[in-house]
Protein chains: 2
Amino acid sequence: MPLLQEEYLQNISYDSVIFGFSGEKLKILVLEYHNMKTFALPGGFVKVNEPLDEAVKRGLSERTGLDEIYLEQFHTFGSMDRFSPAVMRKMLLEQGYDYEDHWFFGRFITVGYYALINYENVVPKPDELSDSIKWYDYDQLPKLMMDHAEIVEKALDHLRSNLDHKLLSFNLLPERFTMKELQQVYEAILGETQNRANFQRKMLSLNILERHEKLFLGGSHKAPFLYSFKK
Amino acid sequence: MPLLQEEYLQNISYDSVIFGFSGEKLKILVLEYHNMKTFALPGGFVKVNEPLDEAVKRGLSERTGLDEIYLEQFHTFGSMDRFSPAVMRKMLLEQGYDYEDHWFFGRFITVGYYALINYENVVPKPDELSDSIKWYDYDQLPKLMMDHAEIVEKALDHLRSNLDHKLLSFNLLPERFTMKELQQVYEAILGETQNRANFQRKMLSLNILERHEKLFLGGSHKAPFLYSFKK
DNA sequence: GCAAAAGTGTTTCCGGTACACCCATGA
DNA sequence: TCATGGGTGTACCGGAAACACTTTTGC
């Protein structure tokens, strides 16, 4: 039997908004419960002897295989509308577990976390209750269950603020990258184009980049410098 | 018997950092469990049919008598060190309740909220487990239990950022106030003096203040304008 | 008239933005 | 030599900061 009551804290869960990027668009990892046509953010529960942050890391690692990922907590959601015992019961039923009553049917206050990763490095794995997990373009998300759409919005708001400091922690780019690649990350996240000349100057003025040798790719134009983040 | 298990969500609590101000220093409301020499932030639990935000409002109202207070959630704390069943048991014992086992002894993940009020309008009331509740200067806080000192620090960080927008919501000042009073609020919260001339211009440029008639107090100097926040 | 507090003006500096120009490269 | 993309220079604007000056008031 999965999800033994003694193993987990009651009434509390986490949901994670995993942003993915790989040179173009911003994407988000979404679980699907096929037979129920229900879409949800990857989430989970906290074990009784486990710090909250650890639980979220564990969940992210199980979905993506990635360790050492920078996760940021952004808000805790505790309204009454995040409560649908019938749906939860059906989820367990689909997996062959028929309970009259289960802690899983109760009300959950959920803590929202987000992360930002390079989705090309990842083969996502569904959890024990869902049938698939897929990347969706941020602007083409399916209808998400309960308040998960609100959770995504709030995550993106937080991601967008103070982006400069965060990109150091998210190791989204390869060790060395061009200024153009960095700009593409910004543009995907902020959802708007940046002025090339000013972007370059702004990044350099932040004093977080180290300049390395030039990168020759055989294009008929000047070769760009490579940069890395300072330690 | 207090704190019936069926009434409350398990493993989840809130703690509130109530900042008080009245013309001079920034203060914080702290509970004391006298016989235990233990100091803590006012907190509480969430009823099974109650939104998280409502629970915090209810708690604040019970401690201060104030309704309609603007509360802001800032972080959720879930590390393992916030867990001390022996202390909790002793707390109940002091009140005459002797339990071998009680949900109150369990581990709690706590959601942090803060508010900012005029402490002169308030006669704080202790909760059912504590013996007193008092205002302490922010820079002379007693040693707080568990991670409550960290909670206070993080609350102040959040309060300090984007202060301009928040002062509209916190109704800390009287309906009409002078620019000097407004500046004193800023200085107490930010912990640093502001240039008078520039402060005045900055506030006026925000376009959130309405100017009213002058205030004559009989001082041998120019009378200041009164201001109110625009609706 | 004088001190004290309030209000306004002036100057400087810096970060952001817009735009122009020059440089390196391979076809 | 030309198109392309990369790097840097310049000019402008607005907000922040430092400081000076003027105004109003009661003694």
Side-chain angles (χ1 to χ4, degrees), chain A residues 22-24 160-168 173-230, chain B residues 22-24 160-168 173-230:
Chain A
S22 178
E24 297 172 66
R160 281 176 173 164
S161 68
N162 273 110
L163 198 47
D164 305 331
H165 299 276
K166 286 166 192 163
L167 282 182
L168 282 168
L173 288 163
E175 174 66 22
R176 300 196 170 187
F177 48 87
T178 64
M179 194 56 81
K180 180 165 191 170
E181 290 174 315
L182 185 59
Q183 184 171 346
Q184 284 171 331
V185 176
Y186 269 77
E187 292 182 342
I189 294 174
L190 297 178
E192 58 191 24
T193 57
Q194 305 286 115
N195 178 292
R196 183 181 59 87
N198 296 331
F199 180 81
Q200 167 124 343
R201 242 189 313 269
K202 187 186 163 189
M203 285 304 115
L204 293 180
S205 76
L206 288 176
N207 210 30
I208 55 172
L209 296 180
E210 241 170 319
R211 179 178 278 186
H212 303 285
E213 77 283 8
K214 295 193 173 186
L215 171 69
F216 288 85
L217 281 175
S220 46
H221 54 78
K222 203 169 175 177
F225 288 108
L226 285 174
Y227 295 89
S228 67
F229 291 116
K230 283 184 186 169
Chain B
S22 178
E24 297 172 67
R160 282 176 172 163
S161 68
N162 273 111
L163 197 48
D164 304 331
H165 299 276
K166 287 166 191 164
L167 282 183
L168 282 168
L173 290 163
E175 174 67 24
R176 299 195 173 188
F177 48 88
T178 64
M179 195 57 82
K180 180 166 191 171
E181 291 174 315
L182 185 58
Q183 185 171 344
Q184 285 170 331
V185 175
Y186 270 76
E187 292 181 342
I189 294 173
L190 297 179
E192 59 190 25
T193 57
Q194 305 285 116
N195 178 292
R196 186 180 57 85
N198 296 331
F199 181 82
Q200 166 124 344
R201 241 190 315 271
K202 188 187 161 189
M203 284 304 116
L204 293 178
S205 76
L206 288 176
N207 211 30
I208 55 172
L209 296 180
E210 242 170 320
R211 179 178 278 187
H212 302 285
E213 77 284 8
K214 295 191 175 187
L215 170 69
F216 289 84
L217 281 176
S220 47
H221 54 78
K222 200 169 176 176
F225 288 109
L226 286 173
Y227 296 89
S228 65
F229 291 115
K230 284 184 185 168

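Throughout, protein chains are lettered first and strands after them, A, B, ... in sequence-line order, and every chain is numbered starting at 1. Basis for what follows: all heavy atoms, side chains included, without hydrogens, waters or symmetry-related copies.
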- Message: Does atom CD (A:Glu24) have a neighbourhood of more than 12 heavy atoms from anything else shown, all under 6.0 Å?
- Response: no
- Message: Which is more 5' along DNA chain C, the nucleotide nearest B:His221 or the one nearest B:Tyr227? Just name the residue.
- Response: B:His221
- Item | Touch class at under 4.0 angstrom, heavy-atom based, for A:Lys214 against every strand present | nothing
- Rounding to a whole Å, what distance do you find between B:Lys222:NZ and D:dT22:P? 12 Å
- Task: Run the salt-bridge test on A:Glu192 and A:Arg160 with the 4.0 Å N-O cut-off and return the result as yes or no.
- Result: no
- B:Asn198 CG to C:dG7 C1', straight-line distance once rounded to whole Å: 13 Å
- Task: Mind calculating the distance between CD (A:Glu213) and P (C:dA24) to the nearest angstrom?
- Result: 18 Å
- Message: Using whole Å, what does the distance between atom P of nucleotide C:dA24 and atom CG of A:Leu215 come to?
- Response: 17 Å
- Considering only side-chain heavy atoms of A:Pro224, which listed nucleotide, D:dC19, C:dT25, D:dG7, is closest? D:dG7
- State the CD-CZ distance between A:Gln200 and A:Phe225, to the nearest 0.5 angstrom. 9.0 Å
- Message: Here's a test for you: under side-chain hydrogen bond (donor to acceptor under 3.5 Å, both in side chains), which of B:Glu175, B:His212, B:Arg176 qualifies with B:Ser228?
- Response: B:His212
- Query: For B:Asn207 and D:dG15, what is the distance between atoms CG and P respectively, to the nearest whole Å?
  - Reply: 12 Å
- Message: Looking at A:Gln200, I'd like to know whether one of its side-chain N or O atoms comes within less than 4.0 Å of OP1 or OP2 on D:dG6.
- Response: no
- Note on the structure: Assign each of B:Arg196 and A:Asn195 the nucleotide of DNA chain C bearing its closest heavy atom; nearer the 5' end lies the nucleotide of B:Arg196
- Query: Between C:dA18, C:dG7, D:dA20, which one does the side chain of B:Phe225 approach most closely?
  - Reply: C:dG7
- Please state how far atom CD in A:Gln183 lies from atom P in D:dG7, giving the value in whole angstrom units. 11 Å
- Message: In whole Å, I'd like the distance from the CZ atom of B:Arg211 to the P atom of C:dG7.
- Response: 6 Å
- Task: On the 0 to 90° scale, with breaks at 30° and 60°, tag the B:Phe229-B:Phe177 ring pair as parallel, tilted or perpendicular.
- Result: tilted
- Message: Counting distance alone, no hydrogens or angles: does the base of C:dG9 have a donor or acceptor under 3.5 Å from a partner atom on the side chain of B:Arg201?
- Response: yes
- Measure the distance from CD on A:Gln194 to C1' on D:dG6 and round it to the nearest whole Å. 18 Å
